[in-house]
Amino acid sequence: MSETKRVRTRFAPSPTGYMHIGNLRTALYTYLIARKNGGDFILRIEDTDQERYVEGAVDVIYNTLKMTGLNWDEGPDIGGPVGPYVQSERMGMFKEYALKLVESGHAYYCFCDKERLDSLKKNEDGTTAIAMYDRHCRNLSKEEVQAKLDAGVPYVIRQKMPLEGTTTFHDEVYGDITVENAELDDQILIKTDGMPTYNFANVVDDHTMGITHVVRGNEYLSSAPKYNLLYQAFGWEVPTYIHCSPVMKDQTSKLSKRNGDASFEDLLAKGYLTEAVVNYIALLGWAPKGEQEIFTLEELAQEFDISGISKSPAIFDPVKLKAINAAYIRKMTPEEFKEYIVPHIQKYVKRQDIDYTVLASVLQPRTELFTDIEELIDYIDELPEYDNALYCHKKMKTNEETSLEALKAVLPVLEGIENWNAETIHEALFGLIAELGVKNGWLLWPVRTAVSGKPVTAGGGVELCAIIGKEESLARIRKGIEKLS
RNA sequence: GCUCCUAUAGUCAAGCGGUUAAGACAUCGCCCUUUCACGGCGGUAACACGGGUUCGACUCCCGUUGGGAGUACCA
């Protein structure tokens, strides 16, 4: 292992139409490892499966990575020294590499047809047999091979696995893993159509692109020994492997498209901030050294360490995501939050002549997701129907009588305010409180109730009045007085 | 079936043979307070089980059980 070799990582998604959270996490870790080490982050599109190709899927990949800030240094759109970066454009080279392996005795031609292969997978009694190729063509003589080739018999090229001994590979998160070579299937490298299988293309691509750290899901853990053998057969340096455990929906099932919460897009649609999502998934399967949990992407690039990646599957917890989202919202400046929330307020509130600044300020500490705000602002357009019982509050020492008294005292004071805003209202009402020598709640609770008609609101009486304006506030207080009389 | 991986509170997780077994989210209580939040303080809650190894195991080994993955001319 050369210490000075520049770190190069790659994210190699298949364009399947949406960005799975587990995939995005892999992309994030891949990116972070490159950045942490001052290396290159490469994007390679693995589109060799024409059947699964989805229109526009590549854009989803681009857009997601851009939005989350996972900027790539080389990729299909920006090029780079080891292109092309789209696998389907690299097809020409693989067969040559496979032929080299045939020559060196690490691979061989196989002429078995599908029928014969299928028959191997079933026992005479119909039960499923060991799903391994029986190596029928492994020992054909040069002449036999040539004869079949000349006759134009379709073939594949298979990897020739050692029959005995063991193969050990090293993974940065799982450590050394050893398997019996006898367990390894003589996997297909080149298909009948001359195209490489994923397993083969991946190794060749990673090597020719100079990838030093391979980050991927741990579903590849079992194929890693085969990869290693391939690298060795070519005489190539084996990259550093980092296998990540899956992201789960619950104890037994993976996060899936069906659940509607598996993709990055879905999360955004639910109201989550991209920074919060990135922050959360970083934590899902990785633990920072210290106790800080809220990180910007730049901070993550500093803090990230492979040793913090965990081995067991992690369950995606929307509640924790929500808490992190809330932390991001509280971290915004009041101006940022206002800018962010006003468009959402306008989805639910028709009136335009309200004090958005005060409204935003009372909403900010109470908003975890912007989709939560609807019921916090539903009193603005019109006063909800409410029962006089709402005026009774034990702790505030209020009841219908005291409330009537309070509202009657409040009305003229508010009427007298020229410049209607939160400060002047506060000043006026607290002046009245001092004058009457009553508890804050005794006066303010009825105001809040009369103005909102709700038992729970974002903001107190002063803020509510400021938000809905003088005219509307006075009208609602008069209505309250009327109801209580 | 076979092979590989994995196992600390409800969840994410720290821990690398000797700890009062961190922290965060959730939950509960208190304080603050014009409601609810926010904020502050505190509480409940975990080493899956059984064998070893060791003076000593959450930590190492072996099983069992639970969970995940692989076993394609898909990626």
Side-chain angles (χ1 to χ4, degrees), chain A residues 12-14 16 46-49 51-52 87 110 112 114 117 121 127-132 154-158 171 174 177-180 182-185 187-193 195-199 201-202 217-225 243 245-246 248 250-254 280 283-294 308 310-324 326-327 330 362-368 376 390 393 395-396 398 429-430 433 439-449 452 454-464:
Chain A
S14 300
T16 55
E46 308 220 323
D47 61 345
T48 46
D49 189 359
E51 283 179 22
R52 274 211 264 172
Q87 202 167 54
C110 169
C112 293
K114 191 139 181 40
L117 260 20
K121 291 177 186 169
T127 56
T128 311
I130 315 116
M132 251 202 351
Y155 64 87
V156 299
I157 295 176
R158 286 181 184 273
D171 179 88
Y174 290 95
I177 295 174
T178 301
V179 298
E180 296 288 333
E183 299 287 340
L184 303 176
D185 194 11
Q187 66 174 344
I188 291 170
L189 268 20
I190 298 291
K191 305 186 262 186
T192 312
D193 62 6
M195 296 295 125
T197 55
Y198 167 84
N199 289 320
N202 212 259
N218 75 357
E219 64 267 27
Y220 296 103
L221 219 42
S222 344
S223 12
H243 287 93
S245 60
M248 309 292 287
D250 54 48
Q251 200 62 220
T252 56
S253 51
K254 275 175 114 167
Y280 175 62
L283 261 20
L284 196 59
W286 172 75
K289 291 266 189 287
E291 287 185 357
Q292 183 182 346
E293 280 203 323
I294 303 298
S310 66
K311 295 189 262 219
S312 43
I315 298 173
F316 182 92
D317 182 6
V319 178
K320 175 89 179 189
L321 206 211
K322 202 167 172 176
I324 288 179
R330 274 178 252 120
V362 298
L363 248 23
Q364 187 165 5
R366 280 161 259 248
T367 305
E368 293 193 297
L376 291 177
L390 279 189
H393 191 286
K395 201 175 153 208
M396 298 302 121
T398 63
L429 292 182
F430 276 78
I433 286 167
K439 301 271 282 182
N440 295 347
W442 185 91
L443 191 89
L444 265 4
W445 175 265
V447 172
R448 205 183 59 79
T449 304
S452 69
K454 299 181 68 173
V456 174
T457 58
V462 172
E463 290 81 12
L464 293 176

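Quick note on labels: first sequence line is chain A, next is B, and so on, each numbered from 1. Here the structure is a predicted model, which means the values were calculated and not measured.
Here A75(B) sits opposite no nucleotide as a Watson-Crick or G-U wobble pair (both hydrogen-bonding atom distances under 3.5 Å). Pairing partner, G70(B): C2(B), with both Watson-Crick or wobble hydrogen-bond distances short of 3.5 Å. Of the nucleotides present, none pairs with A22(B) by Watson-Crick or G-U wobble criteria with both distances under 3.5 Å. Pair assignment for C41(B) gives G29(B), based on Watson-Crick or G-U wobble hydrogen-bonding distances that are each under 3.5 Å. Base-pair partner of G50(B): C62(B) (Watson-Crick or G-U wobble, both distances under 3.5 Å). Using N1 to N3 plus N6-O4 or O6-N4 for Watson-Crick, or N1-O2 and O6-N3 for G-U wobble, each under 3.5 Å, C36(B) pairs with nothing. Remark: A57(B) base-pairs with no nucleotide in the shown strands. Criterion, Watson-Crick or G-U wobble with two distances under 3.5 Å.
Under the 3.5 Å distance criterion, with hydrogens and angles disregarded, no donor-acceptor pair is assigned to the side chains of Y220(A) and N202(A).
Note on N202(A): nothing from the nucleic acid sits closer than 4.0 angstrom, heavy atoms only. Contacts of M248(A) with the nucleic acid, taken as non-hydrogen atoms under 4.0 Å apart, involve only primed sugar atoms and P, OP1 or OP2. Across all strands shown, V462(A) has heavy atoms under 4.0 Å from base atoms, whether or not it also approaches the sugar-phosphate. Residue C110(A) is classed as having no contact, given no heavy-atom separation below 4.0 Å to the nucleic acid. Counting any heavy atom pair closer than 4.0 Å across all strands shown, G461(A) reaches a base atom. S14(A) comes within 4.0 angstrom of sugar-phosphate atoms only, judged by non-hydrogen atoms across all strands, and of no base.
Comparing the same atom, C1', in U64(B) and in G70(B) gives a spacing of 23 Å after rounding to whole Å. Rounded to whole Å, the P atom of A7(B) lies 16 Å from the corresponding atom of C16(B). Rounded to a whole angstrom, the distance from the C1' atom of C41(B) to that of U33(B) is 16 Å. G52(B) and G40(B) are spaced 50 Å apart, taking the C1' atom of each and rounding to whole Å. Of the P atoms belonging to U8(B) and G15(B), the separation is 14 Å, rounded to the nearest Å. U11(B) sits 22 Å from A69(B) when the C1' atoms are compared, rounded to a whole Å. A75(B) and G18(B) are spaced 49 Å apart, taking the C1' atom of each and rounding to whole Å. When the P atom is used for both A45(B) and A21(B), the distance is 13 Å, rounded to whole Å.
L117(A) approaches C112(A) most closely through the heavy-atom pair CD1-CB, 3.7 Å.
Closest contact between the side chain of A323(A) and the listed nucleotides C73(B), G23(B), A26(B) involves A26(B). Side-chain atoms of A287(A) lie closest to A14(B) of the nucleotides G23(B), U35(B), A14(B). Candidate nucleotides G67(B), C73(B), U35(B) were compared by shortest atom distance to the side chain of W445(A), and U35(B) ranks first. Of the listed nucleotides (A14(B), C73(B), A22(B)), C73(B) has the atom at the smallest distance from the side chain of K191(A). Checked against A75(B), A69(B), C73(B), the side chain of V156(A) finds its nearest nucleotide in C73(B).
Within 3.5 Å, no donor on the side chain of Y198(A) pairs with an acceptor on the base of A72(B), nor the reverse. At a cut-off of 3.5 angstrom, counting only N and O atoms as typed in the model, there is a donor on one side and an acceptor on the other between the side-chain of T192(A) and the base of C73(B). Side chain K395(A) to base U34(B): no donor-acceptor pair is found below 3.5 Å.
Checked by atom type and distance alone, the side chain of Y280(A) pairs as donor or acceptor with a backbone atom of D317(A) at under 3.5 Å. In this structure, S452(A) contributes its side chain and K454(A) its backbone to a donor-acceptor pair below 3.5 Å. In this structure, R448(A) contributes its side chain and P455(A) its backbone to a donor-acceptor pair below 3.5 Å.
Separating the NZ atom of K289(A) from the P atom of A22(B) is a distance of 20 Å, rounded to the nearest angstrom. In this structure, I324(A) atom CD1 and G23(B) atom C1' are separated by 13 Å, rounded to whole Å. When rounded to the nearest whole Å, the span between CG of D193(A) and P of C73(B) equals 12 Å. Taking atom CD on Q187(A) and atom P on G70(B), their separation rounds to 15 Å, with Å as the unit. The distance between atom CD1 of I294(A) and atom P of G23(B), rounded to the nearest whole Å, is 17 Å. Between M396(A) atom CE and U34(B) atom P the separation is 7 Å, expressed in whole Å. Put simply, CG on L321(A) is 19 Å from P on A24(B), counting in whole angstrom units. Here the P atom of nucleotide A75(B) and the CE atom of M195(A) are 12 Å apart, to the nearest Å.
Both R158(A) and L444(A) sit near RNA chain B, but only L444(A) has its closest nucleotide nearer the 5' end. Taking the nucleotide of RNA chain B with the nearest heavy atom to each of I188(A) and F430(A), the more 5' of the two is matched to F430(A).
Contact check for S253(A) versus D250(A): side-chain heavy atoms found under the 4.5 Å cut-off. Residues Q187(A) and T197(A) have side chains not in contact (no heavy-atom distance under 4.5 Å, counting atoms from C-beta outward). Within the 4.5 Å cutoff, the side chain of S245(A) has heavy atoms near those of the Y174(A) side chain. Residues I433(A) and L444(A) form a side-chain contact, since some pair of their non-hydrogen atoms from C-beta on lies under 4.5 Å apart. Residues N440(A) and F430(A) form a side-chain contact, since some pair of their non-hydrogen atoms from C-beta on lies under 4.5 Å apart.
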I'd like a table of atom pairs between the protein and nucleotides 3-12 of chain B - only N or O on both sides, under 3.5 Å - with the distance next to each one.
from   : atom 1 : to      : atom 2 : distance (Å)
C12(B) : OP1    : I315(A) : N      : 3.2
C12(B) : O2'    : L283(A) : O      : 3.0

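Atom NZ of K114(A) has 12 or fewer neighbouring heavy atoms from other residues, nucleotides or ligands inside a 6.0 Å radius.
Take S222(A) and apply the side-chain contact (heavy atoms from CB on, under 4.5 Å) test, not counting sequence neighbours, and it matches no residue.
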Each nucleotide in nucleotides 37-49 of chain B should get exactly one letter: B, S or -. Can you fill that in based on protein heavy atoms under 4.0 Å? BSS----------
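Note that the CG atom of L443(A) and the NZ atom of K439(A) stand 13.5 Å from one another [nearest 0.5 Å].
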